[in-house]
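Side chains included, hydrogens not; waters and symmetry mates left out as well; all remaining heavy atoms used. Chain letters run A, B, ... following the sequence lines, proteins first, then strands; residues in each count from 1.
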Amino acid sequence: MRISELLIKWYSISKRDLPWRNTNDPYKIWLSEVMLQQTRVEQGMPYYHKFIEHYPTISDLANATEQEVLTLWQGLGYYSRARNMHSTAQYISNNLGSQFPQKFNEILELKGVGAYTAAAISSFAFNLPYPVIDGNVQRVVSRLFCIEDPINKPIGQKKIREAVDQIFDKRNPAKFNQAIMELGSLVCTPKNPTCDSCPLSIKCPALLNGKVKALPKKEGKTKVKEISHTYFVFKVEDKTYIQQRKEGIWKNMYQFPLLELDVKPETILDHVMEFIETSETPMIQHSYQTKHLLSHRKINANFYTISLHRKPIFLKSNIFEIELNELSKKYPTSVLTQKFLKSCRIDD
DNA sequence: AAACCGGGGAT
DNA sequence: ATCCCAGGTTT
């Protein structure tokens, strides 16, 4: 039996019942694929349900504000995905009559849609013959063809593409794509793959040659930069003061006034005037220290809570007042900020 | 080609 | 501590 037949047969009896597999709605497929970029299925699932409930159609997403969309995306990470989806929904709504594009090249043009996502939408929503290549497929194929070139380099990626083209089933693009990803996810895993129960084991040279564990190969690791964040949490009764990030990490999300440097505790109060002007002599109520790890950053964060009896006389231009409990609910924040908010609730 | 962009789970 | 996850964009 051909590899594609073995795959699809295995898939038909072993597949998980995932919500986006029970629809042909390109909007739902698009949403699920973007949400699952670099994100585990279990992690994305609750967000998928939330979004479908809040925004059942492209028009509903287009009619929302970016702030609402980011609030709903809060905690999932890679927030450019949410900004791009919202922007693209408005584009489709305003310029394409709310009709999702139906050709691969048109889909590939959409913001936040690359080769993988375009192939996924094309095959799952329209059954077009484009093979998907994601982390799962790279792993399965590198083992199935004993590709020793690093899969994160152009040579390795080219060989993966050529290998996939050899086994791709143009007659069953949707099923083939689902099946090969599902195999990578459930059987041909990065660590401790269960080759015993793999439908392709008899056709796997990596298994025959004892190379499963060594494949796929990867080269070069992005190093993690260590940086410092010093946050100023001004409190006046139930009010606080926040700012919106304009670029870079957590763009368009909200945070307590921030200095992106390490400020010695003794000199914290010297910086207050950079954010607000007050007639009082401010005092540090308490401080909270934590480390926050991202894929490319290690943030040493310090939050200093400064309680005031009266509202500041003056706020720096980008800072504005909100109800403390509106943060995270109405103003989307990073998980780092949420960690701080949670620590406050505990020592209440 | 390399850096940037989040967060969490498994090992 | 390290790797990886239904990747994409920018430099």
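Closest of all the heavy-atom pairs between A:Asn252 and A:Lys246 is OD1-O, 4.4 Å. In this structure, A:Pro216 and A:Arg139 approach most closely via the heavy-atom pair CD-CG, 3.6 Å.
The stretch residues 65-93 of chain A comes close to DNA chain B through A:Gly75, A:Leu76, A:Gly77, A:Tyr78, A:Tyr79, each having a heavy atom under 4.0 Å from the strand. Less than 4.0 Å separates DNA chain C from at least one heavy atom of each of the following residues of residues 4-22 of chain A: A:Arg16, A:Leu18, A:Trp20, A:Arg21. Within a heavy-atom distance below 4.0 Å of DNA chain B, no residue of residues 103-110 of chain A is found. For the segment residues 137-172 of chain A, residues with any heavy atom less than 4.0 angstrom from an atom of DNA chain B are, sorted by number, A:Lys153, A:Pro154.
Two residues are said to be in side-chain contact when any heavy atoms from C-beta on lie closer than 4.5 Å; A:Leu144 and A:Cys188 fail this criterion. Taking the side chain as every heavy atom from C-beta outward, A:Phe320 and A:Gln243 never approach each other to under 4.5 Å.
As rounded to whole Å, 11 Å separates atom P of B:dG6 from atom NZ of A:Lys251. The separation between A:Arg245 atom CZ and B:dG6 atom C1' is 13 Å, rounded to whole Å. If you measure from atom CD of A:Gln255 to atom P of B:dG6, you get 12 Å, rounded to the nearest angstrom. If you take CE of A:Met35 and P of B:dG7, they are 15 Å apart, rounded to a whole angstrom. Look at CG on A:Leu293: it is 14 Å from P on B:dG6, rounded to the nearest Å. Atom NZ of A:Lys291 and atom P of B:dG7 are 17 Å apart (whole Å).
Linking ILVMFWY residues whenever their side-chain heavy atoms come closer than 4.5 Å, directly or via other members, leaves A:Val187 and A:Val212 in distinct clusters. Note on A:Leu110: it does not cluster hydrophobically with A:Tyr78, by side-chain heavy-atom contacts below 4.5 Å among ILVMFWY residues. Under the 4.5 Å side-chain heavy-atom criterion for ILVMFWY residues, a single connected hydrophobic cluster contains both A:Met253 and A:Leu327.
Proximity of A:His296 to the phosphate of B:dA3: no side-chain N or O atom is located under 4.0 Å from OP1 or OP2. For the OP1/OP2 pair of B:dG7 and a distance below 4.0 Å, the side-chain nitrogens and oxygens of A:His292 include at least one atom meeting the criterion.
Not a single side-chain hydrogen bond (donor to acceptor under 3.5 Å, both in side chains) links A:Gln102 to another residue, sequence neighbours left out. Judged as a salt bridge (charged side-chain N to carboxylate O under 4.0 Å, His left out), and not counting sequence neighbours, A:Arg81 has no contacts. Take A:Phe145 and apply the ring pair (Phe, Tyr, Trp, His ring centres under 6.0 Å) test, not counting sequence neighbours, and it matches no residue.
Within the structure, side-chain hydrogen bond (donor to acceptor under 3.5 Å, both in side chains) contacts touching residues 107-127 of chain A (residues at least two apart or in different chains) are A:Glu33-A:Tyr116, A:Gln37-A:Thr117, A:Ser87-A:Lys111, A:Ser123-A:Asn177. Among residue pairs with one or both ends in residues 164-186 of chain A, those qualifying as ring-ring contact (aromatic ring centres under 6.0 Å, His included) are A:Phe168-A:Phe176; sequence neighbours excluded.
If you check every strand for non-hydrogen atoms under 4.0 Å, A:Thr117 touches sugar and phosphate atoms only. Using a 4.0 Å heavy-atom distance criterion, A:Lys218 is classed as a sugar-phosphate-only contact. Counting non-hydrogen atoms under 4.0 angstrom, A:Gly248 reaches the backbone sugars and phosphates but no base. Residue-level contact check: A:Lys339 touches neither bases nor backbone, having no heavy atom under 4.0 Å from any strand.
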Are any protein N/O atoms closer than 3.5 Å to N/O atoms in nucleotides 9-11 of chain B? If there are, list each pair with its distance.
from, atom 1, to, atom 2, distance (Å)
B:dG9, O4', A:Arg40, NH2, 2.7

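With A:Glu148 as reference, A:Lys211 is the one residue of A:Lys211, A:Lys153, A:Lys159 to meet the salt bridge (charged side-chain N to carboxylate O under 4.0 Å, His left out) rule. Of the candidates A:Lys15, A:Lys175, A:Arg21, A:Glu182 forms a salt bridge (charged side-chain N to carboxylate O under 4.0 Å, His left out) with just one, namely A:Arg21.
Under a 4.5 Å side-chain heavy-atom criterion applied to ILVMFWY residues, the cluster that includes A:Ile284 comprises A:Phe232, A:Phe234, A:Val236, A:Tyr241, A:Leu259, A:Leu261, A:Val263, A:Ile268, A:Leu269, A:Val272, A:Phe275, A:Ile276, A:Tyr304, A:Ile306, A:Leu308, A:Leu315, A:Ile319 as well.
For the C1' atom pair drawn from C:dG8 and B:dG9, the interatomic distance equals 23 Å after rounding to whole Å. To the nearest whole angstrom, the two C1' atoms, one in C:dC3 and one in B:dG6, are 16 Å apart. When the C1' atom is compared between C:dC4 and B:dC5, the two are found 16 Å apart, to the nearest whole Å. Only the P atoms considered, B:dT11 is 14 Å distant from C:dA6, to the nearest whole Å.
In the model, A:His296 has no side-chain atom that pairs as donor or acceptor with a side-chain atom of A:Lys225 under 3.5 Å. Side-chain contact, A:Thr240 with A:Glu321: no donor N or O sits under 3.5 Å from an acceptor N or O. With no hydrogens or angles considered, a side-chain donor-acceptor pair links A:Asn300 and A:Lys291 at under 3.5 Å.
Taking the six-membered ring where the residue is Trp, A:Phe256 and A:Phe340 present perpendicular rings, their angle passing 60° and hence far from 30°. Classification of the A:Trp73-A:Phe51 ring pair by plane angle, with boundaries at 30° and 60°, yields perpendicular.
Of all nucleotides in DNA chain C, those with any atom nearer than 4.0 Å to a heavy atom of chain A start and finish, going 5' to 3', at C:dC4 to C:dT9.
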